[in-house]
*Asks:* 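Structure provided below as structure tokens; questions to follow.
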Amino acid sequence: MSLPDKGRSTDELLAEIARLKQDDLPVRGGKVTAYVYDTGRPEVHEAAARAYFEMLEVNTLDPTAFPSVVEMEKQVVGAVAEQLGGGSGIFTSGGTESIMLAVKAARDSRETAGRPRMAVPVTAHPAFHKAGHYLGVVVDAVPVDPVTFRASPADVEAAITEDTVLVVASAPSYPQGVIDPIAEIAGIAAARGVLCHVDACVGGWLLPWLREAGAEVPPFDLSVPGVTSLSCDLHKFGYAPKGASVVLFADPALRRRAYFASASWPGYTVINATVQSSKSAGPLGGAWATFQALGREGYLELGRTTLAAARELREGIAKIPGLRVLGDPESALIAFGSTEDADGVDVFVLSDEARKRGWFLQPQLSYAGIPANIHITVTGVTLRGVEAMLEVIAEATEAARERGPAELPEGLVELVAGLDLDALDDAAFGELAAAVGVDLGGSGQPEMAVVNAVLDALPADRREAILIRFLSVIYA
Ligand SMILES: Cc1ncc(COP(=O)(O)O)c(C=O)c1O
């Protein structure tokens, strides 16, 4: 683990990286239905990787030193703005950073008597909670409809106070892939004089192509009156390498609120559009090259195959005894849960069973009255393997039914709920986990059903404390 005494050859290093990656989930091929986005066109990813490499050492810190950064960023952001209703934007490292900047801009857009607040539907991404936590903006959680999983405009309106600086809606929200009623929510925000951010991190570079391919997609972008900012990740359905997102602002004056400059030290002048200061232009080069390599035609074709796969998958899942699709997703994100009848299964066991068969299906814990479920992000490559995916889901469901629900050692949930985490160091936590059969140091294909079932039984704040401890232990 330590620094070697002497430098090693590139071949040796690459061999070691291959070894380190041997237990990783595959990033290509469509068997991993979260985290990764595959076009199914290797030449596109190759072009992106080469452009990334070309820009790797360029530092975006000083745009006057590296004008290529300005030109590339203008082209990428310009293309996103052209597609999503205009505005002035910033290229960021991901959805979380785009959201962070939108929240900062809103916070700094006006003075509030009390602490600034934002109204956030419970299905919105935790990046808003993170932004609130980092930036001192209070999150007012807004419930969603228990059947459609969409935020209700009336509830959003009820959450607005004198100190509300931002209202949030998602297009779509990640958990169930449904689009909030953007026009109504943005209209309410405008009428109340509050800014409105549309989180289109996952949908911004997907929905327009799905619409063009024939899906019914309501207006959701900056062309909708009242929408003042929007986030769109290019490392999701833009299919760019990770580290690529755009945040758009309807008004350049609002974008300036996201910027930061400091001349309060004796060193070089600091002017940053993003949270990071020094950073590689690699992701920008990768995103630029992906846009150029695919073009409108490429994205539209990906939209067509994605739409076809999403429809086939939804219909197929609905036919599997014991499963039901949650809500009526307009996007390519599908969540399915268990039926509540005798056919029902433990979805966490189902996910483990799929993983044993070489497929990663993402488990989602129950929250705010929404039951535990499995999430699938359909991408450009899914269509080729959609039948195999449906077969695996059917087999894993059957296997989960045979196995029955995850068996929790008696008293485990109560034990975890009552743990005094401050009195427990990381080693003791790891030992405790091992004692109940959870190996936190292991690699390979972990059985997660017990862990998920325990977390699922705990309230959110307890889950968070346990997850932080989990992270600390795996990095021990
Ligand atoms: C709707 C939505 N917003 C924000 C994010 C956060 O994006 P990132 O992981 O790039 O920070 C995600 C990620 O899945 C998302 O789906």
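Start at 1 and go down the list; that is how both ligands and their atoms are numbered.
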*Asks:* His45 vs Tyr239 aromatic rings, parallel, tilted or perpendicular, using cut-offs 30° and 60°?
*Replies:* perpendicular

*Asks:* What do you reckon, are the aromatic ring centroids of Trp205 and Tyr37 less than 6.0 Å apart?
*Replies:* no

*Asks:* Which one holds for Asp199 and ligand 1: side chain close, backbone close, both close, or neither close, with close meaning a heavy atom under 4.0 Å?
*Replies:*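 Side chain only; the backbone of Asp199 stays clear of ligand 1.
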
*Asks:* May I ask you to check whether Thr96 has an N/O atom sitting below 3.5 Å from an N/O atom of ligand 1?
*Replies:*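 Thr96 vs ligand 1: N/O contact under 3.5 Å present.
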
*Asks:* Can you tell which part of His235 has a heavy atom less than 4.0 Å from ligand 1: side chain, backbone, both or neither?
*Replies:*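 The answer is the side chain.
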
*Asks:* With a 3.5 Å cut-off and no angle check, do the side chains of Lys279 and Thr274 form a donor-acceptor pair?
*Replies:*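 Side chains of Lys279 and Thr274: pair found under 3.5 Å.
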
*Asks:* Please tell me whether Phe470 and Phe429 form a close aromatic pair, meaning their ring centres lie under 6.0 Å apart.
*Replies:*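 Between Phe470 and Phe429, the centre distance exceeds or equals 6.0 Å.
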
*Asks:* Should the pair Asp108-Lys104 be classified as a salt bridge under the 4.0 Å nitrogen-to-oxygen rule?
*Replies:*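 Judged by the 4.0 Å cut-off on N to carboxylate O distance, Asp108 and Lys104 do form a salt bridge.
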
*Asks:* Could you tell me whether Arg41 and Glu46 have a side-chain N and a carboxylate O separated by less than 4.0 Å?
*Replies:*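 Salt bridge: no.
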
*Asks:* Using a strict 4.0 Å cut-off to heavy atoms of Tyr174, name the atoms of ligand 1 that fall inside it.
*Replies:* 14 (O), 16 (O)

*Asks:* Determine, considering heavy atoms only, which of Lys130, His375, Lys236, His125 sits nearest to atom 7 (O) of ligand 1.
*Replies:* Lys236

*Asks:* Give the contacting part of Ala127 toward ligand 1: side chain, backbone, both or neither, where contact means a heavy-atom distance below 4.0 Å.
*Replies:*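 No part of Ala127 is near ligand 1 at this cut-off.
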
*Asks:* Using a 4.0 Å cutoff against the non-hydrogen atoms of Ile99, which atoms of ligand 1 qualify?
*Replies:* 4 (C)

*Asks:* Is the distance from the ring center of His375 to that of Phe336 below 6.0 Å?
*Replies:* no

*Asks:* At a 4.0 Å threshold, what atoms of ligand 1 neighbour a non-hydrogen atom of Asp233?
*Replies:*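 In order of number, 7 (O), 10 (O).
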
*Asks:* Could you tell me, atom by atom, which parts of ligand 1 come under 4.0 Å of a heavy atom of Cys201?
*Replies:*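 Under 4.0 Å from Cys201, ligand 1 has these atoms: 2 (C), 3 (N), 4 (C).
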
